[in-house]
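Below is one structure, written out as structure tokens, with a few remarks after it.
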Amino acid sequence: QVQLVESGGGLVQPGGSLRLSCAASGSILSINTMGWYRQAPGKQRELVATITAGGTTNYADSAKGRFTISRDSAKNTVYLQMNSLILEDTAVYYCYSLARRTDRAYLSQYWGQGTQVTVSS
């Protein structure tokens with residue numbers, strides 16, 4: 001099994017910053033992509049940013065210029081630095097991983113339990 005554990009969410013004022021972390025653990029052979037999605041109340045889950053094992057990043061338009069995704073492959077950990085937060089960033093943020101387990105030959109998707117980010121004055 002593969003577990004993803006997020007941390008770093010919380011309450012922040014507009015214009016503030018937060019840093020999310022997500023550590024993957026378990027029977028991991030390799031991790032291809034890690035990233036972050038978010039889901040606001042009444043809305044579908046949407047991509048925020050992803051990063052591949054080679055370091056290629058992909059950002060939602062709403063995240064470009066404000067958020068930075070990074071990865072420590074040695075620790076199986078992904079980070080999301082969020083700056084200039086706005087009210088619309090309020091959501092539950094989910095960590096995502098596309099990984100290969102030690103007992104399976106194929107890649108599978110894994111999700112964290114989510115961490116709440118609330119932007120409010």
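Quick caveat, the model's predicted, so the values are computed rather than measured.
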- Item | Any residue meeting salt bridge (charged side-chain N to carboxylate O under 4.0 Å, His left out) with Arg101, in chain and number order, not counting sequence neighbours | Asp103
- Smallest heavy-atom separation, Asn76 atom then Met34 atom, equals O-CE, 3.8 Å
- Query: Between CG of Leu11 and OG1 of Thr90, what distance do you get to the nearest 0.5 Å?
  - Reply: 8.5 Å
- Find the distance between CG (Leu18) and CD (Gln81) and round it off to the nearest 0.5 Å. 8.5 Å
- For Leu20 and Val117, work out which heavy atoms get closest and say how close. CD2-CG2, 4.1 Å
- Nearest heavy atoms of Ala91 and Arg38, plus distance in Å: CB-CB, 3.9 Å
- Set of residues satisfying ring pair (Phe, Tyr, Trp, His ring centres under 6.0 Å) with respect to Phe67, sequence neighbours excluded: none
- Note on the structure: The complete set of disulfide (SG to SG under 2.5 Å) pairs with one or both residues in residues 53-98, sequence neighbours excluded, reads Cys22-Cys95
- Item | Sub-4.5 Å side-chain heavy-atom contact between Thr68 and Tyr79 | no
- Query: So do the side chains of Tyr93 and Glu6 get within less than 4.5 Å of each other, counting heavy atoms only?
  - Reply: no
- Query: Going from CE on Met82 to CZ on Arg19, what distance comes out if it is rounded to the nearest 0.5 angstrom?
  - Reply: 11.5 Å
- Note on the structure: Closest non-hydrogen contact found for Leu87 with Val119 is CD2-O, 3.2 Å
- Task: Answer whether the closest heavy-atom distance between the side chains of Ile31 and Ser73 falls below 4.5 Å.
- Result: no
- Message: Working to the nearest 0.5 angstrom, can you tell me the gap between Tyr37 OH and Tyr96 OH?
- Response: 5.5 Å
- Item | Within one Ile-Leu-Val-Met-Phe-Trp-Tyr cluster: Ile28 and Leu4, side-chain cutoff 4.5 Å | yes
- Supply the atom-to-atom distance Thr33 OG1 to Gln109 CD, rounded to the nearest 0.5 angstrom. 10.0 Å
- Query: Can you tell me if Tyr59 uses its side chain to pair, donor with acceptor, with the backbone of Ile69 under 3.5 Å?
  - Reply: yes
- Message: Restricting to non-hydrogen atoms, name the atom on Ala63 and the atom on Val48 that form the minimum distance, rounded to 0.1 Å.
- Response: CB-O, 3.8 Å
- For Lys75, does its backbone N or O pair with a side-chain atom of Thr77 as donor and acceptor, under 3.5 Å? yes
- Query: Is there a chain of hydrophobic side chains (I, L, V, M, F, W, Y, each step under 4.5 Å between heavy atoms) that links Trp111 to Val92?
  - Reply: yes
- Donor-acceptor pair, side chain of Ser121 and main chain of Gln13, under 3.5 angstrom: no
- Query: What's the spacing between Leu47 CG and Trp36 CH2 if we round to 0.5 Å?
  - Reply: 13.0 Å
- Keeping the roles fixed (side chain from Arg71, backbone from Thr52), state whether a donor-acceptor pair exists under 3.5 Å. yes
- Residues that Arg66 engages under salt bridge (charged side-chain N to carboxylate O under 4.0 Å, His left out), provided they are two or more places apart: Asp89
- Note on the structure: Taking every heavy atom of Asn83 against every heavy atom of Ser17, the minimum-distance pair comes out as OD1-OG, 2.9 Å
- Return the set of residues passing ring pair (Phe, Tyr, Trp, His ring centres under 6.0 Å) with Tyr110 (not counting sequence neighbours), or none when no residue passes. none
- How would you list, by chain and number, every residue that makes a salt bridge (charged side-chain N to carboxylate O under 4.0 Å, His left out) with Lys43, sequence neighbours excluded? none
